[in-house]
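As the structure lists them, so they are numbered: ligands from 1, and atoms in each ligand from 1. Because the structure is a prediction, the values reported are computed rather than measured.
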Amino acid sequence: MEERYDVVIIGAGPAGLTAAIYASRANLEVLIIEAAVNGGKLSKTYEIENYPGYQSISGIELADRLTKHGQKFGAKLISGEVRKIEGEKEKTVTLADGRVFSAKAVIVATGTKERMLDLPRADEFTGRGISYCAVCDGFFYRNKEVVIIGGGNSALEEALYLASLASKVTIVVRRDVFRADAKVVDQVKANEKIEIITKHVPDALCIEEERICGLQIRDVETGETRVVPCKGIFPYIGADACTDFVDQKILDDHNYIITNNDMSTAIEGIYAAGDCIQKDLRQVVTACNDGAIAANSVIKYLKEQ
Ligand code: NAP
């Protein structure tokens, strides 16, 4: 027998957990399904300074608080990877391990997944010299040199964190323009432990005795290469929406979900929220906003059934 819920929320990041708070406080039967870590990307973020009410809070602490809050009013949280959503009115959600749940509505809040470094042998060295999580792995690079790739908020914020541990942080940016907020750019520029190299891209891993010993970078204008010595490489080169299981007809050209103002999609009963939707500003606070709106829309939708 399938377990039946009023709403299945896919993803336990800020959007999904906020949706769970609103839906379960309205007495809906709520199931949250998370494929990786509760709290989503928050759990990989060192410090958050722009979530209202907290002048500064660690990502792990906010993730933990949101996870507890999301379940406080009765929502059930399970681990699992969703493979497909089917059905017209009643939705069937199938997981990779074969479990099936049914629901009157679904909220997709799966966020994004970081892009991987596309260099020969990069996969092989992920977890042993290449890391996508400074908070998780920064400790291994105490008093060592590290390289960060990218010029967005993730790259620069994690550069500041790593500068508190590493002996030197080099940031390699492919243009001479940052995508990060001005305040973080200023902090990075003022940090004596951080060197910024612009207009360069990663070219090859330097490996000695099967360990990372540097990153070869290439000047995008002249094509010249040079090596930045380092023991660790942290690529923060953007992210892609986790929407593999979502019907193509509600995705844009970059695989983000197209939503209306009320977070509904072109498929009846499917709503979406957070970083996986097409939008300009991907922040914890905007994810929470989307989650609250999506839940409120589901509440209204179910009343009309
Ligand atoms: P992002 O803003 O998309 O920045 C990606 C960076 O990587 C850019 O500098 C980009 O260069 C560069 N890049 C992309 N592909 C590359 C490649 N193949 N080789 C070298 N460099 C490459 O990504 P993000 O920093 O992960 O942020 C994702 C979203 O989350 C953004 O909306 C961001 O604002 C948000 N976020 C917010 C916060 C916060 O507010 N505290 C923290 C983290 C993330 P180009 O500029 O040339 O494309």
Side-chain angles (χ1 to χ4, degrees), residues 11 13-15 39-63 109-120 122-123 130-136 147-162 170-189 194 196-205 215-221 225 228 233-243 252 254-257 273-290:
K41 213 193 278 174
L42 271 182
S43 56
K44 291 183 174 180
T45 306
Y46 175 59
E47 188 184 16
I48 290 147
E49 287 188 332
N50 55 5
Y51 186 67
Y54 294 96
Q55 290 174 32
S56 169
I57 184 166
S58 83
I60 290 171
E61 187 180 349
L62 188 54
T110 41
T112 56
K113 187 173 179 348
E114 54 281 325
R115 284 188 200 132
M116 310 299 270
L117 186 60
D118 187 15
L119 286 181
D123 286 353
I130 299 176
S131 168
Y132 294 86
C133 180
V135 180
C136 322
V147 169
I148 289 193
I149 306 161
N153 273 316
S154 301
L156 269 58
E157 286 178 3
E158 301 317 309
L160 289 170
Y161 171 61
L162 284 171
T170 304
I171 306 178
V172 178
V173 190
R174 69 177 172 185
R175 295 186 294 158
D176 53 359
V177 179
F178 294 100
R179 282 181 194 253
D181 299 342
K183 181 182 173 232
V184 193
V185 176
D186 289 346
Q187 284 175 321
V188 161
K189 286 183 175 167
I194 302 178
I196 300 166
I197 302 177
T198 58
K199 296 191 179 179
H200 279 72
V201 287
D203 192 57
L205 301 177
L215 178 69
Q216 179 170 300
I217 57 173
R218 189 179 73 249
D219 188 314
V220 292
E221 284 169 354
T225 60
V228 183
I233 299 170
F234 292 79
Y236 285 104
I237 55 176
D240 295 311
C242 300
T243 52
D252 70 10
H254 302 284
N255 292 327
Y256 287 95
I257 302 173
D275 282 5
C276 64
I277 72 167
Q278 186 187 62
K279 63 175 178 175
D280 286 336
L281 189 60
R282 294 194 168 81
Q283 301 278 301
V284 184
V285 73
T286 61
C288 294
N289 164 77
D290 299 346

Problem set entry | Test item: T110 side-chain N/O and C242 main-chain N/O as donor-acceptor pair under 3.5 Å | yes
For this session: Would you mind listing every salt bridge (Lys or Arg N to Asp or Glu O under 4.0 Å) that reaches into residues 196-205, with sequence neighbours excluded?
Result: D176-K199, K199-E221, D203-R218
Seminar exercise, completed: Of all protein heavy atoms, the one nearest atom 17 (C) of ligand 1 is R174 NH1, 3.6 Å
Exercise. With only distance considered, is R179 within less than 3.5 Å of ligand 1 through an N or O on each side?
Worked result: yes
For this session: Taking only heavy atoms of G151 into account, list the atoms of ligand 1 that are under 4.0 Å away from them.
Result: 6 (C), 8 (C), 9 (O)
Exercise. Out of curiosity, L119 CG to Q216 CD, how far, rounded to the nearest 0.5 Å?
Worked result: 9.5 Å
Problem set entry | Residue that, paired with P202, satisfies side chain to side chain contact (heavy atoms under 4.5 Å, CB included) out of I233, D118, I149 | I149
Problem set entry | Residue and atom name of the nearest protein heavy atom (relative to atom 37 (C) of ligand 1), distance in Å to one decimal | Q283 NE2, 3.3 Å
Exercise. Of all the atoms in ligand 1, which lie at a distance below 4.0 Å from a heavy atom belonging to G150?
Worked result: 7 (O), 9 (O)
For this session: Under 4.0 Å from a heavy atom of R175: give me the atoms of ligand 1 that qualify, with their elements.
Result: 45 (P), 46 (O), 47 (O)
Seminar exercise, completed: Across all chains, not counting sequence neighbours, the ring-ring contact (aromatic ring centres under 6.0 Å, His included) partners of Y256 are none
Exercise. Can you check whether N153 has an N/O within less than 3.5 Å of an N/O in ligand 1?
Worked result: yes
Exercise. Would you say the side-chain atoms of T243 pair up with the backbone N or O of N255, donor to acceptor, closer than 3.5 Å?
Worked result: yes
Exercise. To which protein heavy atom is atom 41 (N) of ligand 1 closest, and what is the distance rounded to 0.1 Å?
Worked result: E157 OE2, 2.7 Å
Problem set entry | From L215 atom CG to H200 atom NE2, the distance as rounded to the nearest 0.5 Å | 11.0 Å
Problem set entry | Residue portion contacting ligand 1 (non-hydrogen atoms closer than 4.0 Å) for E49 | neither
Seminar exercise, completed: d(I148 CD1, I194 CD1) to nearest 0.5 Å is 7.5 Å
Problem set entry | Residue, atom name and distance, where the atom is the protein heavy atom closest to atom 28 (C) of ligand 1 | K41 NZ, 4.4 Å
Seminar exercise, completed: So NZ of K41 and OG of S154: to nearest 0.5 Å the spacing works out to 5.0 Å
Exercise. N50: heavy atom below 4.0 Å from ligand 1, yes or no?
Worked result: yes
Problem set entry | Contacting atoms of ligand 1, where contact means under 4.0 angstrom from a heavy atom of Y236 | 5 (C), 6 (C), 7 (O)
For this session: Pick one of side chain, backbone, both or neither for how E114 approaches ligand 1, counting any non-hydrogen atom pair under 4.0 Å.
Result: neither
For this session: Ignoring hydrogens, tell whether any protein atom lies closer than 4.0 Å to atom 43 (C) of ligand 1; use the non-hydrogen atoms only.
Result: yes
For this session: For D290 and A273, indicate whether the former's side chain and the latter's backbone hold a donor-acceptor pair under 3.5 Å.
Result: no
Problem set entry | Residue G238 vicinity, atoms of ligand 1 by number, heavy atom under 4.0 Å | 3 (O), 5 (C), 23 (O), 26 (O)
For this session: Run the numbers for me: atoms of ligand 1, each under 4.0 Å from some heavy atom of R282, listed by number.
Result: 30 (O), 32 (O), 35 (C), 36 (N), 37 (C)
Problem set entry | Flag side-chain contact, heavy atom, 4.5 Å: F234 against E158 | no
For this session: Name the closest protein heavy atom to atom 14 (C) of ligand 1, giving the residue it belongs to and the distance to 0.1 Å.
Result: I237 O, 3.2 Å
Exercise. So which heavy atom in the protein is nearest atom 27 (O) of ligand 1, and how far is it from that ligand atom?
Worked result: S154 OG, 3.8 Å
